[in-house]
2 protein chains.
Amino acid sequence: MATKKQTLQTKRRALSSAGLRMTRQRALILDIISQGHEHLDADEVYRLARERKPSLSLSTVYRNLQTLKKLGLVKELHFDESHHHYEAKPSAEHHHLICLGCGKIVEVECGLSHKMRQEIAREKGFEVTGVEVHMTGYCAKCRQKGK
Amino acid sequence: MATKKQTLQTKRRALSSAGLRMTRQRALILDIISQGHEHLDADEVYRLARERKPSLSLSTVYRNLQTLKKLGLVKELHFDESHHHYEAKPSAEHHHLICLGCGKIVEVECGLSHKMRQEIAREKGFEVTGVEVHMTGYCAKCRQKGK
DNA sequence: ATGGCTGCAAAAGTTTTGCACTTCT
DNA sequence: AGAAGTGCAAAACTTTTGCAGCCAT
């Protein structure tokens, strides 16, 4: 199971070809974001990272999130809050359902968004590079509780 | 053309039934947001409003945007920025295309998002109350310039 | 009149930046 | 060696809040 080391190599190459370096801090941040717990905000990344490297500074987290976003290794999400959330760039495009009752965020894959993308590209002459879909509502659990 | 006065009445009723009042400031803010220039952020609303009522305070703008959002008269958008944007709640659901070249924001109506909504509701047991779709890319003009 | 609303000022929260020093490559 | 990256502290921005007085109903 050399998977983790392999993806690190892939990422190192991605960085390198942009003249960027793989520092300990950057690797740590990348690792945390790739770790599975998604939709972290900058501060959550910071706190998790400090568990492993207490000297890390918050500005480094912000700077790296920017860098990794530009590089396309990390995706920035804009939920209904005054700060951003981040997730590892997923292999398959997926979108987010946000429960207004319990705050839970569910990911959904949706074949339709691809079609939507094409339709809009054609209709407006746009070259679409990214799609972000957020739906808000109430999850099954909260619907029962509420009524 | 009593349209404007009519919609103001409608809004006054919406407020009233929630125990809220139609103040001069609130009417002003509503008017600015309904005015057509959309996707304003709080500060832009503030600046436009002050042209007509210089004593208005920024906190009042923020408080009213919150109130009107809860009431459903105004919609909050979350673009790729560290602050929010607002638009009048539209009659027809529409979504946003953001050009990464020139920053222009284009609105699109999209029949597919309705279908997407249903599909997801069924699949995940969610009751969907709102959908926000953002696409980023390059508009026709920027595509030509770029290449 | 009374409860919502406003303006002001201050606080809280998020993100960026300048600078001297360190560390990858 | 040299450019990119880091930590720290301070600044810049966005948004929220407490409070005394005001105003719509």
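Within every chain, numbering begins at 1; the chains are lettered A, B, ... in the order of the sequence lines, protein sequences first and strands thereafter.
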Taking any heavy-atom pair under 4.0 Å as a contact, classify D43(A): base, sugar-phosphate, or nothing. nothing
dT15(D) phosphate, OP1 or OP2: any side-chain N/O from Q66(B) under 4.0 angstrom? no
Strictly below 4.0 Å: does K69(B) bring a side-chain N or O up to OP1 or OP2 of dT15(D)? no
Could you run through nucleotides 18-25 of chain D and give me one letter per nucleotide, 5' to 3': B if any protein heavy atom sits under 4.0 Å from the base, S if only the sugar-phosphate is that close, - if neither? B----BBS
Mind calculating the distance between CD1 (I29(A)) and P (dA4(D)) to the nearest angstrom? 18 Å
Quick one: do R117(B) and E93(B) make a salt bridge, cutoff under 4.0 Å? yes
Measure the distance from CD on E76(A) to C1' on dT14(C) and round it to the nearest whole Å. 12 Å
Could you tell me how far apart L28(A) (CG) and dT6(D) (P) are, to the nearest whole angstrom? 11 Å
Between D80(A) and K69(B), does at least one N-O distance fall below 4.0 Å, as a salt bridge requires? yes
Do D41(A) and H83(A) meet the criterion of a side-chain donor-acceptor pair at a distance under 3.5 Å? yes
Please report whether the ring centroid of H95(A) lies less than 6.0 Å from that of H134(A). no
Here the side chain to side chain donor-acceptor pair (under 3.5 Å) pairs for residues 16-25 of chain A, sequence neighbours left out, are none
Using a cut-off of less than 4.0 Å, is there contact between a side-chain N or O of Y62(A) and OP1 or OP2 of dT16(C)? no
Return the value, rounded to whole Å, for the distance between atom CG of L56(B) and atom C1' of dA9(C). 16 Å
Roughly how many Å is it from OH in Y46(B) to P in dT15(D), rounded to a whole number? 14 Å
Could you tell me the separation between the NZ atom of K53(A) and the P atom of dT23(C), rounded to a whole number of Å? 9 Å
Is the distance from OP1 or OP2 of dG7(C) to the nearest side-chain N or O of Q25(B) less than 4.0 Å? yes
Without hydrogens or angle criteria, can the side chains of H114(A) and E119(A) be said to hold a donor-acceptor pair below 3.5 Å? no
Give a yes-or-no answer on whether the side chains of Y138(B) and E127(A) include a donor-acceptor pair shorter than 3.5 Å. no
Whole angstrom is fine here: how far is it from CG in L58(B) over to C1' in dC13(D)? 11 Å
DNA chain D-proximal residues of residues 80-87 of chain B, any heavy atom under 4.0 Å: S82(B), H83(B), H84(B)
For K89(B) and V74(B), run side-chain contact (heavy atoms from CB on, under 4.5 Å): C-alpha distance rounded to whole Å, both residues' side-chain angles, the deciding distance at 0.1 Å, then the answer. CA-CA 5 Å; K89(B) 192 74 140 209; V74(B) 156; over 6 Å; no
Whole-Å gap separating P (dT16(C)) and CG (N64(A)): 13 Å
Parallel, tilted or perpendicular, judged at 30° and 60°: which one describes the rings of F79(B) and H96(B)? perpendicular
From dT15(C), dT15(D), dT6(C), pick the nucleotide closest to the side chain of T60(B)? dT6(C)
